[in-house]
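Single-structure report; data block below.
Each ligand, and each atom within it, is numbered from 1 in the order the structure gives. All figures in this text were calculated on a predicted structure; none of them were measured in a lab.
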Amino acid sequence: MAGYWDMHNHILPGVDDGSGSMAETLRLVQLEYDQGVRNIVFTPHYRKGMFEISLDEKEEVFHRTCETLTDHFPDMKFYLGCEYFASPHMVERVTKEPRYCMPNEHVILVEFSYTAEFDFIMQTVEKLQSAGMTPVIAHFERYQCLHEDYALVHYLAEEEVLLQMNCNAILGKEGFRMKRFCKMALKDGVVDLLASDAHNTTDRSVHIQETADLIRKKFGEDTVAELLQTNPQQLIKLN
Ligand SMILES: [Fe+2]
C-alpha cells in the first residue's frame with residue numbers, strides 16, 4: 001500500500017506553535033511512520049500579527065528538515081504547504097504568492113476564528129473560488145456557526161469546497177460536543193479529508209492509526225482509503 005497522507009500538521013520545527021526542535025520533529029514523523037503515513041504535507045500557520053515567519057525562511061527550514069528526514073525515512077515523501085488564517089485581504093495575497101498555498105497552488109488550506117460568522121466564511125470561500133482556487137476548510141468541526149446550525153454543513157458540502165476534519169476531534173480528545181459533531185458529519189458523508197493537525201507529542205499528537213481503525217469499524221475500509229489516501233493525493237495533483 002502507498003500509505004496514508006497527513007495533509008495538515010505543525011511538524012516542521014521552529015516555524016510556528018508546533019514542533020520546537022528537530023528532535024521533536026523526528027519523534028513526530030516516527031509516530032506518523034509507525035501509524036502507516038508515508039506522505040506528509042507540512043502546513044505551518046500563516047496568521048498576520050501572530051505567525052509571520054518569512055516564506056524564504058520557511059522554505060529553508062523545510063529543505064533542511066527534509067535532508068534529515070529522508071536519511072531516517074527514505075520511503076516517505078514530504079511537501080510544503082501552509083495553513084492560512086483567513087483575513088479580508090487574503091485573496092489578493094495568496095493569488096500573488098503560491099507559497100501561501102498547498103503544494104498545488106490552486107488549493108489553499110484556510111482556517112477561520114472559532115467564532116467566525118458563516119457569512120464571512122462563505123464570502124472568503126466565494127472570493128477564493130472566483131480567483132480559481134479550491135479552498136479546504138481546516139478542522140471544520142470547530143466553528144461555532146456550524147454547531148449552531150448544522151444545516152450549514154450540508155450547504156458548504158454542496159459548494160466546491162473541501163472539508164477537513166481533525167483526528168483528535170473524532171477520537172473525543174477535544175470534548176464530547178466536538179466528537180458528536182464529527183460522528184454526525186462522518187455518517188452524513190460530508191467529510192473530504194482527515195489530518196492530524198499535530199503540534200507536539202503530548203496533548204496534540206499524531207493519532208491517525210487509531211482514527212483509521214475507528215472509521216474502518218464504523219464505515220469500512222473504502223472510507224478510510226478515501227479520507228486518508230485518495231482524496232489527499234488528488235488534492236495535491238488537482239489542477
Ligand atoms: Fe493547524
- Message: So for atom CG, which belongs to D222, do other residues, nucleotides or ligands contribute more than 12 heavy atoms lying within a distance under 6.0 Å?
- Response: no
- Message: For R177, is the CZ atom crowded, meaning more than 12 foreign heavy atoms sit under 6.0 Å from it?
- Response: no
- Would you say H154 has more than 12 foreign heavy atoms packed within less than 6.0 Å of its NE2? yes
- Query: Just checking, any donor-acceptor pair under 3.5 angstrom between side chains of D56 and S54?
  - Reply: no
- Message: Nearest 0.5 angstrom please: I170 CD1 to M178 CE, how far?
- Response: 11.5 Å
- Listed by chain and number, what are the salt bridge (charged side-chain N to carboxylate O under 4.0 Å, His left out) partners of R27, not counting sequence neighbours? none
- Is any protein N, O or S atom closer than 2.8 Å to the Fe ion (ligand 1), and if so, which? H8 NE2, H10 NE2, E83 OE1, D197 OD1
